S.K.: 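What follows is a single structure, and I will ask about it in a moment.
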Amino acid sequence: MLVQVAPEVEGLLHISELTDEPVEPPAQLVREGELIAVKVAEVDLQRHRVRLCAADGAGN
């Protein structure tokens, strides 16, 4: 799922970061507009990508 981390900046947060259980659709875990805590796991400047992980370690 894409998470807005700043105005005009989105990062990718894999569903497995939020839960170990299979969930479909992701809206069962997080609703659009809901605030969640994430950490930046990786920044790829060449590909303009940001990978995020759960700040509390949930799912892992």
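What you see is a predicted model; the values in this text were computed from it and never measured.
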S.K.: Is E34 atom CD crowded by more than 12 heavy atoms from other residues, nucleotides or ligands, each under 6.0 Å away?
M.R.: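 Atom CD in E34 is packed in, count exceeds 12.
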S.K.: So, taking the atom named CD1 in I15 and the one named CD in Q28, what distance separates them when rounded to the nearest 0.5 Å?
M.R.: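 One finds 10.0 Å between CD1 of I15 and CD of Q28.
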S.K.: Which atom names give the shortest non-hydrogen contact between A54 and L13, and what distance separates them?
M.R.: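 Closest heavy-atom pair between A54 and L13: N-CD1, 4.0 Å.
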S.K.: Could you see if L12 belongs to whatever hydrophobic cluster contains M1? Use Ile, Leu, Val, Met, Phe, Trp, Tyr and a side-chain cutoff under 4.5 Å.
M.R.: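 Cluster IDs for L12 and M1 differ.
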S.K.: With clusters defined by side-chain heavy atoms of hydrophobic residues (ILVMFWY) lying less than 4.5 Å apart, directly or transitively, does L2 cluster with V5?
M.R.: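 V5 does not cluster with L2.
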S.K.: If you look at every heavy atom in S16 and H14, which pair is closest and at what distance?
M.R.: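 Minimum heavy-atom separation between S16 and H14: OG-ND1, 2.8 Å.
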S.K.: Once you round to the nearest 0.5 Å, how far does CD of E42 lie from CG of L52?
M.R.: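 Separation between the atoms: 10.5 Å.
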S.K.: Does E17 reach the main-chain N or O of C53 with its side chain, forming a donor-acceptor pair under 3.5 Å?
M.R.: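 Not a single qualifying donor-acceptor pair exists.
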S.K.: Cluster question for you: counting only ILVMFWY and a side-chain heavy-atom cut-off of under 4.5 Å, with indirect links fine, are I36 and V40 together?
M.R.: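 The answer is yes; both residues are in one hydrophobic cluster.
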